[in-house]
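Each remark here refers to the structure printed beneath this line.
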Amino acid sequence: MSAHAPAPATGLPPVRAPHVGLVILALAIGGFAIGTTEFASMSMLPLFAQGLGIDAPTAGHAISAYALGVVVGAPIMTVLGARVPRRRLLIVLMAMFTVFNGLTGLSPNYHWMLVFRFLAGLPHGAYFGVAALVASSLVPPNRRTRAVGQMFLGLTFATVVGVPLASWLGQAVGWRWAFALVAVLGVATMTAVAIYAPEVPADKDASPLRELGALKRSQVWLTLAIGAIGFGGMFAVYTYLADILIAVTHMPLHTVPWVIGIFGVGLTAGNMVVPAFADRALMPTAGGLLLWSMVMLALFPFAAGNVWTLGLDVFFIGIGGALGTVLQTRLMDVAGDAQGLAASLNHSAFNTANALGPFLGGLAIAHGYGWTSPGWVGALLAIGGLVIWAASMAAERRRPALVAETCV
């Protein structure tokens, strides 16, 4: 299916929203809240490691616990909410997110923090999946990727403003207050969605079984694999960026939020520019982003010794994050009438990457390859994503040929 093909029918009436921009803004506030907690947790890893009396690799398990929650929660929440009106489902998901992030800030020890981070991750993927469907339903088919990209600007803008703010707050008054900030953002999201998101009745034909039908499609699995493998490199570098700045670049801790902000600017720029290309040529854009990430991650070990070259390379690595938006639209194209589950599974894939990248990067560091070795790990993961992308393209080219042979 090409990038210009209309979205498959969902059984719902067309959404008519008088203030499309306000609807997308309301959805983006949720992305801002989610992006703040997801990425700030990584940048504050040294802080809560010290506060809980554990080392950095052990503290990294809290990052993986959140990612595991996303992987598990996305399909479960989406399937269970198949018949729930989308606005109501968005509010319920954000309420869960708010409560468990608040409880993270109250964690009495490391083990409770793992539990609360896992639970906080459960609504993440389903929220973004439903929000992407709402955003894409507001615009013509040939502008879907741009609409989804605008919704994702909340997440990317969080890396520019929310994460540095949370990191500063964590350093100034304690890491627990950063999670309190996230809980406040969650309340703001519920309010904005309740006011601005359109009231659309649930699809009368929706069912958990129909949503599970997405899992029968090979292109859905290939697209998810591209994200799960190819995106891991960005997280491999990002997770250990604070430690790399201190140990390799020899910068003080208070510079970490600024470098994190540079990454966020790159991520935001990517999501503003790349979707316009994706609406014209979806899969070639995905392949180009994987190639871009491979090169920028391979350059990271050479750039890490100087704060200026590191900052520039981190900016370029951030641009590659637009892959998430591109694959979100791809999943909606290949999922048929099971778009809800497929859209939410995009975030399961990327949080598989969020678990895999830091894990492999940590292994490389632990085995003595140096703090910058996650850059090499990331480049290899991007190559893995390119291999799967090529397999997906080849399978798609074979399919019309097989159909033609069958007709003959």
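- Thr189 is not listed as a side-chain neighbour of Thr98, based on a closest heavy-atom distance of 4.5 Å or more.
- Within the 3.5 Å criterion, the main-chain N or O of Val187 finds a donor-acceptor partner in the side chain of Thr191.
- For Trp376 and Tyr369, the gap between ring centers reaches or exceeds 6.0 Å.
- Aromatic ring centres of Phe128 and Phe152 lie closer together than 6.0 Å.
- Rounding to the nearest 0.5 Å gives a distance of 4.5 Å between OG1 of Thr249 and CG of Leu310.
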Check step by step if side chain to side chain contact (heavy atoms under 4.5 Å, CB included) holds for Tyr196 and Ile24.
CA-CA 9 Å; Tyr196 296 115; Ile24 293 179; over 6 Å; no
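- Between the Ser136 side chain and the Leu133 main chain, a donor and an acceptor come within less than 3.5 Å of each other.
- Between Trp292 and Phe316, the ring planes lie perpendicular to each other; the angle is over 60°, past the 30° to 60° tilted range.
- Counting only distance, with no hydrogens or angles, the side chain of Asn101 and the backbone of Val182 share no donor-acceptor pair below 3.5 Å.
- Nearest approach of Trp389 to Met283, heavy atoms of both residues: NE1-O, 2.8 Å.
- Annotation: side chain of Met96 is in contact with side chain of Met77 (closest heavy-atom distance under 4.5 Å).
- Considering only heavy atoms from C-beta on, Val274 stays 4.5 Å or farther from Leu323 through its side chain.
- The number of heavy atoms from other shown groups lying within 6.0 Å of CE (Met272) does not exceed 12.
- The residues Arg330 and Glu396 are annotated as salt-bridged, a charged nitrogen and a carboxylate oxygen being separated by less than 4.0 angstrom.
- Using a distance-only test at 3.5 Å, with no hydrogens or angles considered, no donor-acceptor pair links the side chain of Ser293 to the main chain of Leu290.
- Between the Tyr127 side chain and the Met94 main chain, no donor and acceptor come within less than 3.5 Å of each other.
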Should Ile319 and Phe315 be marked as a side chain to side chain contact (heavy atoms under 4.5 Å, CB included) after you check the CA-CA gap, both sets of side-chain angles, and the distance that decides it?
CA-CA 7 Å; Ile319 289 176; Phe315 171 81; 3.7 Å; yes
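- For the residue pair Thr223 / Arg217, no side-chain donor-acceptor distance below 3.5 Å is found, with atom types taken as modelled.
- Atom CZ of Phe359 has 12 or fewer neighbouring heavy atoms from other residues, nucleotides or ligands inside a 6.0 Å radius.
- For the pair Ser41/Phe179, a side-chain contact is recorded, criterion being any heavy-atom separation below 4.5 Å from C-beta on.
- Shown here are the ring pair (Phe, Tyr, Trp, His ring centres under 6.0 Å) partners of Tyr66, two or more places apart in sequence or in another chain: His124.
- In this structure, the side chains of Arg87 and Pro198 stay at 4.5 Å or more apart for every pair of heavy atoms.
- Here CD1 of Ile63 is found 9.0 Å from OH of Tyr240. Values are rounded to the nearest 0.5 Å.
- With salt bridges taken as basic N to acidic carboxylate O contacts below 4.0 Å, one links Asp279 and Arg146.
- Defined by atom type and a distance below 3.5 Å, a donor-acceptor pair is missing between the side-chain atoms of Thr156 and Asn271.
- A donor-acceptor pair under 3.5 Å is formed between the side chain of Thr352 and the backbone N or O of Ser348.
- In this structure, the side chain of Thr104 engages the main chain of Phe100 through a donor-acceptor pair within 3.5 Å.
- One distance of note links CD1 of Ile383 with CD1 of Ile229; it measures 13.0 Å at 0.5 Å rounding.
- Side chain of Ser137 to backbone of Val134: a donor-acceptor contact under 3.5 angstrom is found.
- A 4.5 Å side-chain heavy-atom check between Val92 and Val84 finds every atom pair outside the cut-off.
- Taking a 6.0 Å sphere around CZ of Phe157, one finds it holds 12 or fewer heavy atoms contributed by other residues, nucleotides or ligands.
- Using cut-offs of 30° and 60° on the angle between ring planes, the pair Phe350 and Phe231 is perpendicular.
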Side chain to side chain contact (heavy atoms under 4.5 Å, CB included) evaluation trace for Thr325 with Gln328:
CA-CA 5 Å; Thr325 300; Gln328 187 81 68; 5.5 Å; no
Worked check of side chain to side chain contact (heavy atoms under 4.5 Å, CB included) between Ile29 and Leu185
CA-CA 8 Å; Ile29 294 172; Leu185 291 171; 5.7 Å; no
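- Arg117 CZ to Tyr110 OH: the interatomic distance, rounded to the nearest 0.5 Å, is 13.0 Å.
- Rounded to the nearest 0.5 angstrom, Ile317 CD1 and Ile262 CD1 are separated by 12.0 Å.
- In terms of the ring pair (Phe, Tyr, Trp, His ring centres under 6.0 Å) criterion, residue partners of Phe263 (sequence neighbours excluded) are, by chain and number, Tyr238.
- No side-chain donor-acceptor contact under 3.5 Å links Arg86 to the backbone of Ala197.
- Leu360 has its side chain within reach of Leu381: a pair of non-hydrogen atoms, C-beta onward, lies under 4.5 Å apart.
- Residues Pro275 and Val326 are not in side-chain contact: their nearest non-hydrogen atoms beyond the backbone lie 4.5 Å or more apart.
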